[in-house]
Each structure stands twice: as C-alpha cells, then as structure tokens.
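Residue numbering restarts at 1 for every chain, and letters A, B, ... go by the order of the sequence lines.
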Protein chains: 2
Amino acid sequence: MNKTTPPVPRRLLTLRDVSEASGVSEMTVSRVLRNRGDVSDATRERVLEAARRLGYVPNKIAGALASQRVNLVGVVIPSLSNMVFPEVMTGISEVLDDTGLQPVVGVTNYLPEREEAVLYEMLSWRPTGLIIAGLEHSDAGRAMLEASGIPIVEIMDIDGSPVDSAVGISHRRAGRQMAEEILAAGYRHIAFLGTQMPNDHRARKRLEGFEEALAKAGVDLVDREFYSGGSALLKGREMTAAVLNRSPDVDFLYYSNDMIGAGGLLYCLDKGLDVPGKIGLAGFNGVELLDGLPRRLATMDACRLEIGRKAAEIVAGKHQGVIGGEVIELFPTLQPGDTIRRT
Amino acid sequence: MNKTTPPVPRRLLTLRDVSEASGVSEMTVSRVLRNRGDVSDATRERVLEAARRLGYVPNKIAGALASQRVNLVGVVIPSLSNMVFPEVMTGISEVLDDTGLQPVVGVTNYLPEREEAVLYEMLSWRPTGLIIAGLEHSDAGRAMLEASGIPIVEIMDIDGSPVDSAVGISHRRAGRQMAEEILAAGYRHIAFLGTQMPNDHRARKRLEGFEEALAKAGVDLVDREFYSGGSALLKGREMTAAVLNRSPDVDFLYYSNDMIGAGGLLYCLDKGLDVPGKIGLAGFNGVELLDGLPRRLATMDACRLEIGRKAAEIVAGKHQGVIGGEVIELFPTLQPGDTIRRT
DNA sequence: TTGAAAGCGCTAACAA
DNA sequence: TTGTTAGCGCTTTCAA
C-alpha cells in the first residue's frame, strides 16, 4: 500500500534509540533535543540527524515526571458553542504561544459536577496553571483549586471572591449600566428574555444589576421569558413573539445574549415594528455577528479577548512582582447601536 | 481571609502520604483509588477516608509512565470559531464520556506548520488515539502519524488516502450535488463566493465538484469572490453586493459556508430582490443559525455530530473485528430551504 | 487480601 | 563539553 513508509517501529522509540543511533549518551541527546546546556555543533548535528531519521518523538510523560515540570495550562469553560469562549481561547493562545505553554481545554456544560470531574482530571496532570470560568464552584472544587499549589485565574466575572487571581468584568454593573441607558432613553415598559440556566451565574448577575437599577427608578420588569436548548436565533424570535403577545404594552426587550437578541430583532423587523421608536432592544456580548444584521443591536462588549490575554499573562508569570491573588477588572463599553432611541 | 481553608500542604501529596495517613501500603492505596484487585471493605474505607481528608489528587503523569497507558485522545482541528468544530467536539465527547477517555484539543488555524507543531506536542503525550481534521498533512506530520502506533482517525473528508481510518463526507460530491440541484431548478448564471484560504481543502474540493458538475452541463461560473477575516455575516453582505454590482445578470449565488450565505440572504432581502425567483442562494454546513433567518437558506448538512461520534467510536475501539484502516463515508442531505426555486 | 521489589523514560545534579 | 547516577510517583509483577 505505502511505497515509502519508513519502517514502522514495533515499539515506540526512546532516547536510548537515538543515543545508540548517534553514538552519544542519552543525557547529551536529551540536552540537544531540549536546547539545554552546551553541546558542540558537531554533536548536535549528529543527534538531530539521528532523531529526525528515526522519527523520534520525545515522551513528555517521562520528561514531566523527571523534571517536575509540565508545560500545560488547564482551561475550564462551560461551553464551546456560544461564541464567547472561542474568543477567550484566542486571547489565551495568543499569549501562551510565546511562552512554550500549551492550553488544554475542559468543558463543563454548566454542570457543577462536571466541573468537579474536569478539575480533578486536569489537576491530576499537574499543569503549570489553571484558568477557569466563573467564581462559583462546588466546595470540593474550590478545595482542589486551593490545594493545587499552582496559579489559578478565575475569568469572566469579578463579582465575588476569587480563590487566587481573577480577570473579568462586573456583570452586575453591566446590567445596571444597560438599565440606566434604557431608562435615560425614556423606555419604561421593559421585559427580560434569557436562558433557563440556573448555573449561568453571570447572566443571573446581569439581570440582578439590571433590576436593581430599574427599581431605583421605580420601574419593575413588565415580563420575563426563558428558554433552553435549540437554535438561539430561532428561540429569540419565538420568545419575542410570546412576550409581545402577552404584554402588548412592552417598549423594551432586554436579552441575556446577542444571539437571541438578534433573533428578536429580525422578528421585530419582519413584523414591521418601529425599532427603536416604538420598541427598543439590547443584548449582551458584542459578538461580531451583529455587524451583519440589518440594524445594529445595542449590546455590551464582554472584553473576551482581553480577558483571555490577561489571564494567560498571569499564569505565564508576566505580572512580575505580584505574589498572586490579583484581581483585574475590565470595563465593557456600551454600544447603543441602532436599537435604542437617541435622546 | 479564608476561615475554613484546609491546611495548604507545602508540597503536593503523594500516595505515600495517603499510605501513612491510613496505615496501609502504597500498593493497596493505589488499588483502592483505581478500583482494582480485591481489597477488603474495611481497608477501602480507611483509604478513601484518608485520601478525601487530605485532598489527595493522584499524579497521572507518574501513573501513565508506570502503566504505559494514557486516557487521552488528541483532537486536532483547524479552528474553534466557525461553528462546525464545536459540534464535532460534542459528538466526540458524547462517546468518549462513557469510556474514561478524555479529549484534548489542539487548534491549527489552517496552518500546516502549526498542525505539525500541534501534532508533535500531542503525540509526545502518548495519547490512546488521535482524531485529526482533513486528509492533507505535511510529510513530517504524516510520518509522525504513521509512526505513532496509535489509532488515527482523519475526519470531515474522505476524498483522499487516509493514514489509518477516516470518517467524513465527500466534499467533491457535495459540490456536485448542489450544482445539479441548482441546474435542475433552471439557474444558469452562477457565481461562487468563498473564503480566501488555500489550506481549506474541503472548501476547495466542494468548489471543484461544483464546477465539474456545471461544466458537464456546459455552464461556467459567471463570477467568483473571496474574502478573509472579519465578521462572516457582514462579509457575506459585502461580497454579495460586489458580485451583484459586477455581474448584474447573475441568478445564483453559491457560498462556501452558511454564515456568508446568511449575510448574502439578508442583503438580497434588504434590497428587495426576488428570492428565489430572480436569484437563488445556497450555502454549506447546515448550521442551526439558519433556522432563525427570515427565509431558510439552502444548504447541505455536513454530518458534524455523526462524524464526531463515529471517530470517537473508532478510537475507543468500539468497532471490533476491524483491524483499523476503515473508511466511513457519511452522506449529507441537501436541504433546499426557501432559496432555490421549486421546479 | 496485602506487600515488596523493580522499573516505566526521562532529567537534575554532579563528576569527569 | 560530555557522561554517570539517582531518582520523579506510580503500577506491574510476583511473593507472602
């Protein structure tokens, strides 16, 4: 079948094989392959040639055990499918790429017990550091983090007490800010549309901040609607239809994320509703998808890229002089777009 | 600060610590923690209690080295941000969750040199198996895969020669099928809009198949437009505007993915064009986003979930009796939606 | 049912 | 600049 396949070894190659093939001690081979210590150019060449010819791939398991060093950074996030975490990952990768550290992703699906299992699994590989979304963990999870002895960075959120370091925004404040903007524009009959996720603490905090600011102005939510599963864009349409039917006097729709907000916007435009005159809309996240919609949905950027970058910097030890335990708050910008009345 | 933090150990715990705390040999502790061999209930309890109390997390590095077994499956994909790979990951996780195997993701950004680096890094952890997108790899990459001695599953595409096993669809055929559908509907002035990505071999093959089928009917592409970077939805609009300006007689727009297709659809609807009467559109992937659009874009489902599942099953050894080297072709369904004329 | 010895493949530390 | 020795923390194997 294969004409030019190099002879498939019956067992995996070890340093010893390269050592024998190059006539140099294992130790020197190890030095060459790690670019460590002084090795003569001649020796280096011999070793590299032999390693290449044999197709040797080092065994990091043995290396890590011997050196007590692992170039892995655990990243624990609730989901990959909602557009926000891929961007966080991008920020993390950007920074780690220069450091020799490798991110390893674990996904929890917003389930505390999954988080615990993922954490246990990750920590058992003794990573150099760990980045984890959110400040809320099970007691056991928190205990593991505390006992891990490595830098822990909790990301996305800063409304709470981190185990070690934290990088994020205040979702409570973000909710408040949006509420204030909406009130300032004169809307008073406001509904909330969000995900049915008891463990999405950030969405919960945004809603709390939102209602708090409304209450301060003597305004209560007129209606609320929750969904779970399915196409967010479609759900946004359906929820919006439901709310507008049930509460015809509503003049503002606050969505817990941009995808359902986009669905709501498309629905309103389909129906020929006057946006933002008769009815305003706002989402959250600042996803780039919004740029292509017929009208720009009001939103707040969640600083995803920057959160990833800063978290990676902390793990990589780039914030020198700090003994850990730093909290970095980022400040999202409110993008009023075209779906909030100008005042 | 912390009232109830368990005493933070100055060094990480080892089996020996649990052994001493429970008065049982390391070997027996190891057995208990792995549920292996016969251990009396009394001993088991003592050990588990001690491990829990100390907050012991096993060191998988040492375990893997000693046992020559690693419960990791490498997954190498080009990108996390385009909606298709998260779904593949979901399929993989679904199957692996029952097997004790853990996926570890590496992202290549469609760069062959990154792929090579990621592969090297992954293989150096001696995973149980490896799932990798695409059939095209650098020579060195292919050599590493062949020498790895583990099950390799190349996914998404079957138009080529796999190193070992493969699960995917024929993108060439998918392109042909869509072309035939479009021709059957009577469209003749067809343009292609896609990504500017020399290393997106699957998009390339779809276009090749597409043009091949057109040629068979004596039809040539009227126009083509490529983009890179930015919001796909917005780019879809811009590209569509450009094509319609440049080639006013175009009656069909074939997009290389659903996101730009969705942008194009929104643009056409904005402009009040008669879709699908005067102009038809089609994308590729079958992303759930499409469900929320004002009109359903024609597309082909890429079988992402199923590809992930099948690949994981192969790696997990669930296809017994097969000695490896199996190729599983899946058959995407063409969803004509509302953007191709009915004939 | 439990324990003791050997060693997985590599690297730290030291010696030559 | 190169080599030797002694583990890293666990599991395999074999003995008790």
Ignoring backbone atoms, establish whether [X] has a side-chain N or O less than 4.0 Å from OP1 or OP2 of [N].
X: Arg34(B); N: dT11(D); answer: yes
X: Ser25(B); N: dG3(C); answer: yes
X: Arg69(B); N: dT12(D); answer: yes
X: Thr14(B); N: dG9(D); answer: no
X: Ser40(A); N: dT2(D); answer: yes
X: Ser30(A); N: dC10(C); answer: no

* Pick the nucleotide of DNA chain C nearest each of Tyr56(A) and Arg44(B); which residue has the one closer to the 5' end? -> Arg44(B)
* Asked: Arg16(A) or Arg31(A): which one's nearest nucleotide on DNA chain C is closer to the 5' end?
  -> Arg16(A)
Taking the side chain of [X] as heavy atoms from C-beta outward, which of [options] is closest to it?
X: Ser67(A); options: dA12(C), dC10(D), dG9(C); value: dA12(C)
X: Ala66(A); options: dC8(D), dG3(D), dA4(C); value: dC8(D)
X: Thr43(B); options: dC8(D), dT2(C), dT2(D); value: dT2(C)

* **Between Glu121(A) and Asn71(B), a side-chain donor and acceptor under 3.5 Å** => yes
* Would Ser138(B) and Glu116(B) count as having a side-chain donor-acceptor pair, cut-off 3.5 Å? -> yes
Rounded distance in Å - [atom1] ([X]) to [atom2] ([N]):
X: Leu15(A); N: dC10(C); atom1: CG; atom2: P; result: 4 Å
X: Met27(B); N: dA16(D); atom1: CE; atom2: P; result: 17 Å
X: Asn71(A); N: dT11(C); atom1: CG; atom2: C1'; result: 15 Å
X: Asp17(A); N: dG9(C); atom1: CG; atom2: P; result: 10 Å
X: Gln68(B); N: dT11(D); atom1: CD; atom2: C1'; result: 10 Å
X: Ile61(A); N: dG9(C); atom1: CD1; atom2: P; result: 10 Å
X: Leu13(A); N: dC10(C); atom1: CG; atom2: P; result: 9 Å
X: Arg46(A); N: dT1(D); atom1: CZ; atom2: C1'; result: 13 Å

Sidechain N-carboxylate O distance under 4.0 Å for [X], [Y]:
X: Glu87(B); Y: Arg304(B); value: yes
X: Lys310(B); Y: Glu306(B); value: yes
X: Glu49(B); Y: Arg53(B); value: yes

* To do: Give one of base, sugar-phosphate or nothing for Asn59(B), where a contact means two heavy atoms less than 4.0 Å apart.
  => sugar-phosphate
* Test for a donor-acceptor pair under 3.5 Å between the base of dG9(D) and the side chain of Arg126(A), counting only N and O atoms. => no
